[in-house]
Amino acid sequence: MLRLYHLLLGSILLVSIPLGAKFLLPQFSPPKVLKPPTVAKLANPNEGNIWQKILVNAAAPTNWQVAACEGNAPLLCVSSKGKRLGTVEINVYPLANNEDFQKKLVAVGIPTGSQVDYQSSKYQTQVLPALKAWVADHYAAFAKDRQSKYGKEINFSAYPPQPVPVGKLQGIRYGFVELKQQGGVQEQHIGHVAFDGSKLYVITTAFDPSTQTGKFEKLENLAIFQPYLYAIAADLRLPQ
């Protein structure tokens, strides 16, 4: 029944998005922003795929499989009957190399280098505005890039950020969809971001023909997997 439900959900999404999404999803007018600073990712070429360490709940639809991809790339593989359907990517950004997020933390009362009790209600309340500010910058950067790339051919609509657990960390779920003016979906992105006191974790997947990793080839498969991704993110072994 769960498999049938999500197949129906995927079918409804494909039919309804071109007709109604631009009216149902919040509209987003990209503000003028500077290009966000380049932030170095955590380099761990000898430590293997991080998903091998943090994946706890390999939730998946019937006859689908979820497991860390082979190799060192930080990818989670989603497959069915031996065929890869998509991947989920996680990137880890050390706070020491991320001056922009340091400023966001200071702005909400979390000084750089402070000892963080990530389970305290006070900390969770403090860190949320910093994460929301990070998401706002992320949206603005994407909207500006897509406006430059597609012009008026695409309607960019951002989802309202939602506070959610990412493992034992306070996180934010976010995403956006790009709708073709002539109907249909150009891109859809889903992400989670969380902070453990020293590292920023960014988990992403998408339906995006221009992306090489962290993507699904078919929009309907992304729609089917979406609630399972939420369950996976909530049960990750984070912080490490």
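Position 1 is the first residue of the sequence; numbering continues from there.
Side-chain contact between I54 and Q240 is present, with heavy atoms from C-beta onward closer than 4.5 Å. In this structure, E153 and Q186 have side chains that are not in contact, with every pair of non-hydrogen atoms separated by 4.5 Å or more. Counting heavy atoms from C-beta on, the side chains of T112 and L105 never come closer than 4.5 Å. Residues V202 and H138 form no side-chain contact, since every pair of their non-hydrogen atoms from C-beta on lies 4.5 Å or further apart. For the pair K180 and I154, the minimum side-chain heavy-atom distance is below 4.5 Å. You'll find the side chain of Y228 stays beyond 4.5 Å of the side chain of V78, heavy atoms only. At least one side-chain heavy atom of K104 sits less than 4.5 Å from a side-chain heavy atom of D100. Within the 4.5 Å cutoff, the side chain of W134 has no heavy atoms near those of the I172 side chain.
Qualifying ring pair (Phe, Tyr, Trp, His ring centres under 6.0 Å) partners for Y201, counting only residues two or more places apart in sequence or in other chains: none. With sequence neighbours left out, Y123 forms a ring pair (Phe, Tyr, Trp, His ring centres under 6.0 Å) with no residue at all.
Judged by distance alone, with hydrogens and angles left aside, the side-chain atoms of T125 form a donor-acceptor pair with the main-chain N or O of S121 at under 3.5 Å. No donor-acceptor pair closer than 3.5 Å links the side chain of D235 to the backbone N or O of V56. Distance alone, capped at 3.5 Å, is enough to place a donor-acceptor pair between the N49 side chain and the A73 backbone. Side chain of T204 to backbone of G191: no donor-acceptor contact under 3.5 angstrom is found. A side-chain donor-acceptor contact under 3.5 Å links D196 to the backbone of K199. Looking at Y150, its side chain never comes within 3.5 Å of a backbone N or O of D145 through a donor-acceptor pair. W51 contributes no side-chain N or O that, together with a main-chain N or O of A67, makes up a donor-acceptor pair within less than 3.5 Å.
Distance check: L76 CG to T205 OG1 gives 9.0 Å after rounding to the nearest 0.5 Å. Taking CD of Q162 as the reference point, atom NE2 of H192 lies at 8.5 Å (rounded to 0.5 Å). Atoms NE2 and CG, on H189 and D208 in that order, are 4.0 Å from each other to the nearest 0.5 Å. Atom CZ of R173 is separated from atom OH of Y159 by 12.0 Å, given to the nearest 0.5 angstrom. In this structure, CG in L200 is found 10.0 Å from CG in N91, a value given to the nearest 0.5 Å. To the nearest 0.5 Å, atoms CD (Q65) and NZ (K81) are separated by 10.0 Å.
The shortest heavy-atom contact between V127 and F195 is CG2-CD2, 4.1 Å. In terms of heavy atoms, Q170 sits closest to Q124 at OE1-OE1, 3.6 Å. Scanning both residues, A96 and Q102, for their nearest heavy atoms gives O-NE2, 3.5 Å. Heavy-atom minimum distance, V66 versus A59: CG2-O, 3.5 Å. When every heavy atom of R84 is checked against every heavy atom of C69, the shortest pair comes out as NH2-SG, 4.2 Å. Contact between T87 and G214 at its shortest, heavy atoms only, is OG1-N, 2.9 Å.
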*asked:* Between E217 and L85, does the side-chain contact (heavy atoms from CB on, under 4.5 Å) criterion hold? Intermediate values first, please.
replied: CA-CA 7 Å; E217 296 296 334; L85 304 177; over 6 Å; no

*asked:* What verdict does the side-chain contact (heavy atoms from CB on, under 4.5 Å) test give for K149 and E178, after you've listed the backbone C-alpha separation in whole Å, the side-chain angles of each residue and the deciding distance to 0.1 Å?
replied: CA-CA 12 Å; K149 184 176 181 180; E178 296 172 15; over 6 Å; no

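Other residues, nucleotides and ligands contribute at most 12 non-hydrogen atoms within 6.0 Å of the NZ atom of K168.
The aromatic ring centres of F156 and F176 sit less than 6.0 Å apart. For F101 and Y93, the ring centers are positioned 6.0 Å apart or more.
Transitive grouping of hydrophobic side chains (ILVMFWY, heavy atoms separated by less than 4.5 Å) keeps V92 and L75 in distinct clusters. I232 and I90 fall within a single hydrophobic cluster, where Ile, Leu, Val, Met, Phe, Trp and Tyr are joined by side-chain heavy atoms under 4.5 Å apart, directly or via other members.
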